[in-house]
There are 2 protein chains.
Amino acid sequence: MNDVRPIRAKSGTNHEGTSAHNRRVMIDALRINGALSRADLARATRLTKQTVSNIIEELERDGLVSSQEAVRKGRGQPSTPYRLVPEGAFAIGLQIDRHVTRAVAVDLVGNVLVRDEAGLPAGGPSEGTKVILDLVAGVRAELAGIVQQSEKRLVGLGAAMPGPFGVAGSGDDPWMMGAWQKFPLLETLTAGTGLDVGLQNDAAAAATAERMVGAAHGLDHAVCLFVGYGIGAGLILNGELYRGSNGNAGEIGMALLFADGKSTPLEHRASLASLYQHLSADPADPDLHARIDGLALRGDPSMEAWIEAAAADLRWSIHLIETIFDPQTVILCGSAPEGLVNRLIVAIGPLLPSIAERRGRTLPRLQPGMADPWSVALGAAAGPISRAFDPHFAAILKDSR
Amino acid sequence: MNDVRPIRAKSGTNHEGTSAHNRRVMIDALRINGALSRADLARATRLTKQTVSNIIEELERDGLVSSQEAVRKGRGQPSTPYRLVPEGAFAIGLQIDRHVTRAVAVDLVGNVLVRDEAGLPAGGPSEGTKVILDLVAGVRAELAGIVQQSEKRLVGLGAAMPGPFGVAGSGDDPWMMGAWQKFPLLETLTAGTGLDVGLQNDAAAAATAERMVGAAHGLDHAVCLFVGYGIGAGLILNGELYRGSNGNAGEIGMALLFADGKSTPLEHRASLASLYQHLSADPADPDLHARIDGLALRGDPSMEAWIEAAAADLRWSIHLIETIFDPQTVILCGSAPEGLVNRLIVAIGPLLPSIAERRGRTLPRLQPGMADPWSVALGAAAGPISRAFDPHFAAILKDSR
DNA sequence: GTAATAAGTCAAGACATTTGACTTAATAAG
DNA sequence: CTTATTAAGTCAAATGTCTTGACTTATTAC
C-alpha cells in the first residue's frame, strides 16, 4: 500500500538529446583535429552532409565556429574548413590551495586570458571566501575589459582544491584542509558569483587541463599523476574524467604503504609537503617555489636524497596505475617547479615492467605534463567548458541540465 | 597534398540511436526494479506516457516483456505492471581456464539453464578449441531442447579467460596461459559457432555476473576483487564494465609488491595458484576444490598460514581499490570454494582506514559475492546480454552495431 | 575543352518523441 | 448511492531532427 520506495532508472532521451550530442561531437572533432570542412566532419561523425551543414550553420550563428579560407586539395569543389572560435566561450577557474588561491579566465580552446592570485588568510574559509570572491570578481572584470560580451559567454566557474571530500574524521588532519572540507563552498561560490559552479580535486583538475591542451589531448584513457602539496591521480577513462561514487576517485595520497614494519600514506613520502618537511622549509614562504627549483637544478644533496626516495615511490605508483587502469599513457604533472619535475622524471626511469609493455605501442608509457603553478586553475576552468561542450553520455539524457 | 592522416572523432547519433537508448533504458529499469507499469516507467525515465506505451508495445511484440495482472493501488485506474520475459533472449557463456572449460546457457534475467564442463587437454589451443567448440555445441543443442526458438533469441557467445591479453613477452610465463594468448581465439570461436563473440578476462566476467544477478545489481560504481587461479579486479565504473585501452584494466595479479627486499607479483601471494603451491597440490586434480573447501572448514594449520598471509595482502588490496576508485562497495568473489572465501572474508577484517569511511554509508565496504565455480561462465554469458540490452554510451552512436 | 570528382545546397520525406484532449476505471467523500 | 477526484492509458495531430536523392558549384585530370 505505502510503497514509496523510489524507482531507479536511467533517463531516456529525445530529439534534443540527439541534437545536443551531435553539436558536441562537432566541437570535439574540431578541437581534436583542428580545422575541418563540413564534408570531413560528415565522414568523421558518420552524419550526413546535410546534417553537418545545419549544425555548423547553427554553431557559426552562435559564434562557436568560423570558416577559414577555402582550400583546394585536388579535383572537386574546394572545401571550406571551420575552426573553433576561441572567444566563443569562457570559464573562470579557481584553485584553492593551502596558502594561496589562484583564478584564471580561460577561453573555449584553453587559452589563459587573465590570471591573478592572492594569499589565503589563516582564518579559514569564512575569511578565505571573501578573498576568493574578490579575486574571482577581479578576474571577471578584467576579462570583461579584454573581451566584450564576455559575461554572456561565461559558461561557469570551476573550483579545484585538495581532496578528499566528505570523508569521516578528516577534519583535523593538518595535511588536509579540514575546515574547508566542512564549509559549504559550492553554495557560497554560487551565491557569490551567480555562476554555475563545479568542484573537483586538484589532481582531477590537472588531468582536465592535460586533456584540453596538454599531453592527454584527444586521448580516451590516460592517468595524470599529480605531484603537488599532496599527491593524486586524475583519471581520464573512456574519454571522460572519472569521479568515483563520491568525487574522490584518484585520491591516492591516502594510500597506505607498508615498509619497515610501519604504514605511511603515500602523501607523506612523495609530495611537496613531504619535501618541505624533509628540507624543514616553510610552505607559506612565497620564494619557496624558486628556491626548490634552484636546489633541484643544482643537484643539492639533501634534495637528491628526497628525489631518490620519492622517485622510487612514484615508479611503483606508475607501475600500479598501469596495472590497474591499462591507460594509453601516464602523465606526470604537478604544481612542483619544472626543474624538480624534470629531475623526478629522470630519477623515476627506468619504469618497472608491466602490462603497458605491448607490441606496437606508439605513446610513451610516461610523459611529462604541465609543471606550472597555474595548471590546476586552468584545469578547474576546463571543467565547465568540458561539461558544456564535450560529448558525454550524461549530456544526451533528459535530466542533464 | 597527400594528407591522409585520419580524422578522429566520436560518432554522431540519430533517431535510431535515441530509440535504441530508450528501449535499453526500459529494459534496465525493469531489470533493476522488477515489474513496473507504463506510468511508472514514464516517470522514472522522464519520457512521456505515450512514448513509453509505444516502446513497451514494441518490446512486448518482440517477446522481451510481458504484462502481469493489473494492480489496484488507490484511486485511479489500476496499473498494469510489465516484467522482463526471461525467455526473451539467451547467451552462451564460456570459461576457459587452465585445466578445464565450462559453458553455460543463460537467459535474459541471468538464469543458468544449461551447464556443462570438459577437461582441457594439455595440447594447447589447437587441441583445446576442438573440445571447446564441442562443449558449446552441446550446450546450445541442450538449450534448443529446453526452449523452442532459442537459436533465434541467442544474442551471442561471451568467452572469459585469464588475462592479460596481448602483453609483450607474456608467452612463456607458466602462470599465464601463454599459448592461448597468441592464439586467434575470437576468430576461431566466431567461425566455429557463427555467433557474435566477445572476450574478457575472468575478473571482468565475475564483475559482469555480480552486476546482473549479484551484489553489484543496480550499482554504478563497484569493484569485484576476484580470487581465482590468479587474482584480478572487475571494474564497474559509471554503470559499465571498464576495460581500459587494451582490455586489461583490473589485471592486478601482476602488480608488484615489495617486501623483504624483493618484489613479488600479487598473484604469487594471494591466489589459488599460490595456495596450490603452498599446499604442494596438483592444480589438475579434479577433487582439489572439495579438498580445499574441507581444509578451510576444518581450520587446517597449513591452510590457516596461507589464509593469514593472503588476507593481509587482500586487506591492503581492498584499501587500495577504495582509495583509487571510490566505489560504492567492494565485492569479494572468486572461483575458490565457498568455505575458503568465507574464511578469507573473516580473516580480512577489520578493513584498513580509507576514504570509504563516510558519514551515511548504506552499503557495506566489503561484501561477499558469488563463490561458485560457474560464476565466471555466467558472467561471460552476461557480457553479450549486457551489450545487447543495457544502456550505454556506445549503443547510442551510429557506429555501434 | 570535356569528363570526372568532390563540396555543398535544396526540398521533400521519414521517424521518434511530444502535446493536449479524451477514455477508462478505480477510490474517496458527502 | 451518487458524484467528484485521481490516476492509467490511448488517440491523433504537431514538432523537431536527421535522411534521402537530386541538383549546383568549383576545381583538376586527361
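Since we're looking at a predicted model, the values are computed, not measured. Naming: A, B, ... by sequence-line order, numbering from 1 per chain.
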Does any N or O donor sit under 3.5 Å from an N or O acceptor when you compare the side chain of B:Glu16 with the base of D:dC18?
-> no
More 5' along DNA chain C: A:Gln50 or A:Thr13, using each one's nearest nucleotide?
-> A:Gln50
Spacing of A:Ile396 atom CD1 relative to C:dT17 atom P, expressed in whole Å | 14 Å
Quick one: does A:His15 reach the base of C:dT17 with a side-chain donor-acceptor pair under 3.5 Å?
-> no
No-hydrogen, no-angle side-chain donor-acceptor test under 3.5 Å, A:Asn54 and A:Thr51 | no
What integer distance in Å separates A:Lys49:NZ from D:dA22:P?
-> 12 Å
Using a 4.0 Å heavy-atom cut-off across all strands, classify B:Ser19 as base, sugar-phosphate, or nothing.
-> sugar-phosphate
Check the distance between D:dT15's C1' and A:Asn14's CG and give it to me in whole angstrom.
-> 11 Å
Checking all strands, does B:Arg46 fall into the base, sugar-phosphate, or nothing category for heavy-atom contacts under 4.0 angstrom?
-> nothing
Per A:Leu47 side chain, nearest of listed nucleotides D:dT19, D:dG9, C:dA7 | D:dT19
Decide yes or no for B:Ile236 and B:Tyr242: does some side-chain heavy atom of the first lie under 4.5 Å from some side-chain heavy atom of the second?
-> no
Look at B:Arg140 together with B:Glu151 and state whether they make a salt bridge at an N to O cut-off of under 4.0 Å.
-> yes
Whole angstrom value for the distance that separates C1' of C:dT9 from CD1 of A:Ile56 | 15 Å
Ignoring backbone atoms, test whether A:Arg75 places a side-chain nitrogen or oxygen under 4.0 Å from the OP1 or OP2 oxygen of D:dC30.
-> no
For B:Thr51, which contact category applies under a 4.0 Å heavy-atom criterion: base, sugar-phosphate, or nothing?
-> base
Ignoring the backbone of B:Arg38, work out which of D:dT10, D:dT19, C:dG8 is nearest its side chain.
-> D:dT10
CD1 of B:Ile55 versus C1' of D:dG9: gap in Å, rounded?
-> 15 Å
Donor-acceptor pair between A:Ser11 and B:Arg46 side chains, under 3.5 angstrom | no
Between B:Arg23 and B:Glu58, is there a salt bridge with N-O shorter than 4.0 Å?
-> yes
Between B:Phe393 and A:His21, is any pair of side-chain heavy atoms under 4.5 Å apart?
-> yes
For C:dA7, does OP1 or OP2 lie under 4.0 Å from any side-chain N or O of A:Ser79?
-> no
Check every strand shown and say whether A:Asn54 touches a base, only sugar-phosphate, or nothing at a heavy-atom separation below 4.0 Å.
-> nothing
Return the value, rounded to whole Å, for the distance between atom NZ of B:Lys73 and atom C1' of D:dT6.
-> 13 Å
Tell me whether the OP1 or OP2 atom of D:dT10 has a side-chain N or O from B:Ser53 closer than 4.0 Å.
-> yes
Which one, D:dT19, C:dA26, C:dA7, comes nearest to the side chain of B:Pro78?
-> C:dA26
pair_partner(D:dT10), Watson-Crick or wobble, both distances < 3.5 Å, evaluates to C:dA21
Does the side chain of A:Thr18 get closer than 4.0 angstrom to OP1 or OP2 of D:dG16 through an N or O atom?
-> no
In whole angstroms, how far is the C1' atom of D:dA7 from the CD atom of B:Gln77?
-> 8 Å
So which nucleotide from C:dT27, D:dT19, D:dT28 ends up closest to the side chain of B:Arg72?
-> C:dT27
Integer-rounded Å distance: D:dA8 P and B:Tyr82 OH = 14 Å
How is A:Arg23 classified with respect to the nucleic acid when contacts are heavy atoms under 4.0 Å: base, sugar-phosphate, or nothing?
-> nothing
